[in-house]
Amino acid sequence: MLMRLTAFYVLSGILIGVGLAAAAQPSDGLRVLSIARPEVRWSAASGLRADFDCDGRPDQAFLGRHEGKVYVGVVRAGQQKPEVLEFAVSWGVQQAICEEPAVLRVESLDYDPAEAVGKIEGFRRSKACKGLRLEGGQCDSVHFFWNHKRKRLEWWRA
């Protein structure tokens with residue numbers, strides 16, 4: 001009987017610990033980004049979770065700001081090196097949003113970008129994996145996807 005109770009308490013402790021670890025994951029992504037790019041002010045409120053690299057595990061994405069620029073940071077599940085992409089806030093610049101406030105959203109990858117910009121090497125259409133969309137002002141959105149050929153986060157815009 002004592003052995004069963006001990007096993008119950010150990011198992012309960014493990015399950016509670018796993019639950020707490022899962023609940024704490026959003027801060028893990030912020031911690032990784034803050035270590036990698038400490039000068040950027042990362043927004044916890046912008047945090048998103050989805051499978052961005054198509055490995056079947058949820059990743060994290062955050063929006064950050066520093067010296068008039070906007071940053072998109074993605075922390076892949078199980079990785080300590082984040083993907084960070086920088087964008088200006090300016091009209092008429094390809095790698096930029098037009099104005100603040102910047103908004104980062106999860107978007108479906110169940111589309112073919114060739115319809116808008118031509119074939120993109122490394123892009124894979126997917127119903128399961130997700131991409132990101134960065135918006136700011138009245139210019140075209142920036143679309144992020146996991147490039148399967150180059151094994152990194154990349155972006156396109158029309």
key: Pair Lys130-Glu107, side-chain contact (heavy atoms from CB on, under 4.5 Å): steps then yes or no   = CA-CA 6 Å; Lys130 300 297 179 188; Glu107 79 173 0; over 6 Å; no
request  = May I ask you to decide whether Arg105 forms a salt bridge with Glu135, counting only side-chain N to carboxylate O separations under 4.0 Å?
outcome  = yes
inquiry  = Please check: side-chain N/O of Asp51 versus main-chain N/O of Asp55, any donor-acceptor pairing under 3.5 Å?
reply    = yes
Nearest heavy-atom neighbours spanning Val89 and Gly68 = CG2-O, 3.5 Å
request  = Kindly indicate whether the side chain of His148, heavy atoms from C-beta on, has any atom under 4.5 Å from the side chain of Cys54.
outcome  = yes
inquiry  = So for atom CD, which belongs to Gln138, do other residues, nucleotides or ligands contribute more than 12 heavy atoms lying within a distance under 6.0 Å?
reply    = no
ask   = Quick one: do Lys119 and Glu121 make a salt bridge, cutoff under 4.0 Å?
value = no
request  = Give a yes or no answer on whether the side chain of Arg49 reaches the backbone of Ala61 with a donor-acceptor pair at less than 3.5 Å.
outcome  = no
task = Could you tell me whether a side-chain N or O of Asp59 sits under 3.5 Å from a main-chain N or O of Phe52, the two making a donor and an acceptor?
result = yes
request  = Go through Leu134 and Val103 one step at a time and tell me if the side-chain contact (heavy atoms from CB on, under 4.5 Å) criterion holds.
outcome  = CA-CA 6 Å; Leu134 177 63; Val103 178; over 6 Å; no
inquiry  = Run Phe123 and Glu154 through side-chain contact (heavy atoms from CB on, under 4.5 Å) and show every step you take.
reply    = CA-CA 9 Å; Phe123 180 92; Glu154 293 193 353; over 6 Å; no
ask   = How far apart are the closest heavy atoms of Gly136 and Cys139, and which atoms are they?
value = O-SG, 3.7 Å
query = Under a single-linkage definition using a 4.5 Å side-chain heavy-atom cutoff for Ile, Leu, Val, Met, Phe, Trp and Tyr, are Leu109 and Val117 assigned to the same hydrophobic cluster?
reply = yes
key: Heavy-atom pair of closest approach, residues Cys98 and Gly137   = CB-CA, 4.2 Å
Side-chain touch Ile120/Pro113, heavy atoms, less than 4.5 angstrom = yes
query = Minimum heavy-atom separation for Trp91 to Glu99, with atom names?
reply = CZ2-OE1, 3.8 Å
key: Spacing of Trp146 atom CH2 and Arg124 atom CZ [to the nearest 0.5 Å]   = 11.5 Å
ask   = Would a 4.5 Å heavy-atom cut-off, applied to side chains only, mark Leu63 and Val72 as touching?
value = yes
ask   = Taking NZ, NE, NH1 and NH2 as the nitrogens, is one of them in Arg76 or Asp53 under 4.0 Å from a carboxylate oxygen of the other?
value = yes
query = Do side-chain atoms of Ser90 reach the backbone of Val93 as a donor and acceptor pair under 3.5 angstrom?
reply = no
ask   = Considering all heavy atoms of both residues, which atom of Pro82 and which atom of Val32 are nearest to each other, and what is their separation?
value = CD-CG1, 3.7 Å
query = Does some side-chain heavy atom of Glu100 sit less than 4.5 Å from a side-chain heavy atom of Val70?
reply = yes
message = Test side-chain contact (heavy atoms from CB on, under 4.5 Å) on Leu132 and Val74; report intermediate values, then the result.
response = CA-CA 10 Å; Leu132 292 162; Val74 173; 3.7 Å; yes
request  = Evaluate the side-chain proximity of Leu153 to Asn147: yes if any heavy-atom separation is below 4.5 Å, no if none is.
outcome  = no
query = Should the ring pair Trp156 and Tyr111 be called parallel, tilted or perpendicular, given that the plane angle runs from 0 to 90° and is split at 30 and 60?
reply = tilted
Any donor-acceptor N/O pair, Gln79 side chain to Lys81 backbone, under 3.5 Å = no
query = Is Leu85 reachable from Phe62 through a run of I, L, V, M, F, W or Y residues, each pair having side-chain heavy atoms under 4.5 Å apart?
reply = no
Check: Lys69 side chain, His66 main-chain N or O, donor-acceptor pair, under 3.5 Å = no
ask   = Are Ile97 and Leu48 connected in the hydrophobic side-chain network, where two residues link if heavy atoms are under 4.5 Å apart?
value = yes
ask   = Are Leu33 and Val106 joined in one hydrophobic group, where the rule is that I, L, V, M, F, W and Y side chains link up if heavy atoms are under 4.5 Å apart?
value = no
query = With under 30° as parallel and over 60° as perpendicular, where do the rings of Trp42 and Tyr71 fit, or are they tilted in between?
reply = perpendicular
query = Checking Arg41 side chain against Gly64 main chain: does a donor-acceptor pair fall under 3.5 Å?
reply = no
ask   = Ion pair present between Lys127 and Asp110, side-chain N to carboxylate O less than 4.0 angstrom?
value = yes
